[in-house]
Amino acid sequence: MPKPTSTRFTPPRFTHTHSPGTNKHQGLVLRAQLNKPNTHTNPYVLTSLLNLYAKCDLLDHARSVFDEMRCPNTVSWTALITAYMNAGRVREAVAVARDAFASGMRPDSFTAVRVLTACARVADLGTGEVVWRAAQEEGVAGSVFVATAAVDMYVKCGEMSRAREVFDKMPEKDAVAWGAMVGGYASNGHPQETLELFFAMQTQGVKPDCYTVVGSLSACTRLGALDMGRQAVRTMDWDEFLDNPVLGTALIDMYAKCGSTGEAVVFQQMRKRDIVVWNAMILGLGLTGHGKIGFALVGQMEKSGTKLNDNTFISILCNCTHTGLVKDGRRYFHNMTQLYNITPRIEHYGCMVDLLSRAGLLQEAHQLIDDMPMQANAVVWGALLGGCKIHRDAELAEHVLKQLILLEPRNSGNYVMLSNIYSNSNRWEDAAKLRSDMKVNGVEKVRAYSWVEFSGKVHEFRVGDKSHPHMDQIYQKLDELGMEMKTMGYKPTTDVVMFDVEDEEKEHTLVYHSEKLAIAFCLLTTQPGEVIRVTKNLRVCTDCHTVIKLISRITHREIIVRDNNRFHCFKDGCCSCNDYW
DNA sequence: GTAGGGTTAG
């Protein structure tokens, strides 16, 4: 470090090889050396020192230097904000920024980026918009750094159309800018837009990097779009997936949730595995009906020296649920708190309620909800409702649905199920009251539809929709299959209407539910032996589930159906969900 | 001196 020989302060040069400890020490030495008369009032010296402290994570020192300044300039305000950010005190960083603006500071591009980033982290839309406007007034909004930070700020505040506006107006876009927008669509639940943009960036000659690939993979996961996922994979060097655990996780998750466990073996080849990769793999194995391998992996994980965390236990408990291991689930839940010192979150309770409900231990599950240290949410009640459906407990289901309607007043499915329970026990007045509640609350029934990817296009199917060019053949195929199923003893399961959401669809339309139409279309358009993949916007209905199991046996096809809750892997007359979903 | 990413219970 150069030793100051005069009152003029020369900031030391830092390289990344300096440890924070060394920097901290240098900062303190500097502070001592600067304690000479007439130096500490020099604003340049103070600002440089402030910058140094901010960099060295010495927030208190930075603050006291700042407080000594009579007229802090833009650079010194920015340094102070940075110091708060580096100390992880983001809310206070935003508060400092607001003070700065109130005092008349005008941001340069560095201030704008810092503050927009801070606003993004704490989702402070109000301050974020003030900064973005100021950046435009100061003429720094054209900077790709500033605009990208603004896009990300809008993204993190969930303001996707504003984010897109800023993005579209950017005079230049690099991979980071594309990444912010692609990732933004992905994290805000807009998988279609994610993929559109991911392909658009490529047609504009920007090569996807790992950030954009991660976003597009997570979009494919949501859509159940395995082929597009594979395409996204091909845009990157394979080694990157093996060396980058974030990419690897997105990939494993995509394969697992699109029902392609075979490809998820990439896990074994990965050279860098962090806790998130392990957790995703264990969960993925459970979801695809390979729970036993999942448990083996937990053992391997501990052997490898990776400590189990709270999310690992979600994967493990989820595994117990899908494998039906009540005793093991109870043991893990107990060990989690006693041996691993992990406090269960609502997600862990949710897993336990799910586990007990599936096993038919409905009262115990209900009791657990009552005993939980936090208020149950819709997921927890939904798990109990699942148990009521399987074990035909209409009385408890009524209670659960009332809770669900309170928690999810916009979810039409809950109203319809409860109304069906009322109709089934001739409680017409209750049913009518519920229908009118729905109207009052402006809740509209969501219509079911299913879709498949075929030769680069998405084909959509709905009950009663005859617009598809192959519809005649599709109906004919379903009728043929229906005949064969009857000889196998199949009867339409209309008695489950009590719980089914698509209530107005009686037996004759049951035969032509959207998922069945989609599967028939696939049988007509794909080669024998090829795996069939269908996605549905709502849950698969009970009758369809039975029928698809039979179709998988009759046609010797593996059929993978992704619904809005999970996916079902049908093979040889069985489903990977063990008939619970 | 400045910008973007993965798993997580119905």
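A note on names: the letters A, B, ... follow the listed sequences, proteins ahead of strands, and every chain is numbered from 1. All values below come from the heavy atoms of this structure, side chains included, with hydrogens, waters and symmetry mates left out.
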Between the base of [N] and the side chain of [X], is there any donor-acceptor pair under 3.5 Å?
X         : N       : result
Glu347(A) : dG10(B) : no
Asp209(A) : dG4(B)  : yes
Asn377(A) : dA9(B)  : yes

| said: Ignoring hydrogens and geometry beyond distance, is a side-chain donor-acceptor pair present between Thr82(A) and Arg114(A) at under 3.5 Å? | reply: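 Looking only at side-chain atoms, Arg114(A) and Thr82(A) do form a donor-acceptor pair, the distance falling under 3.5 Å.
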Under a 4.0 Å N-O cut-off, is there an ion pair linking [X] with [Y]?
X         : Y         : result
Lys402(A) : Glu398(A) : yes
Asp563(A) : Arg539(A) : no
Glu193(A) : Arg164(A) : no

| What's the CG-C1' distance between Leu242(A) and dG6(B), to the nearest Å? |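 It is 16 Å, rounded to the nearest whole Å.
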Quick one: label [X] by what it contacts on the DNA or RNA (base, sugar-phosphate, nothing), any heavy atom closer than 4.0 Å.
X         : result
Val182(A) : nothing
Ala150(A) : nothing
Leu116(A) : nothing
Lys156(A) : sugar-phosphate

| task | Answer yes or no as to whether dA9(B) has its base stacked against Tyr349(A), where stacking requires a ring-centre separation under 5.5 angstrom and planes under 30 degrees apart. | result |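 Stacking is absent between dA9(B) and Tyr349(A), given that the ring centres and planes do not meet under 5.5 Å and under 30°.
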| said: Stacking between Tyr211(A) and dG4(B), defined as ring centres under 5.5 angstrom apart with planes under 30°, is that present or not? | reply: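 Yes; centroid distance and tilt both under limits.
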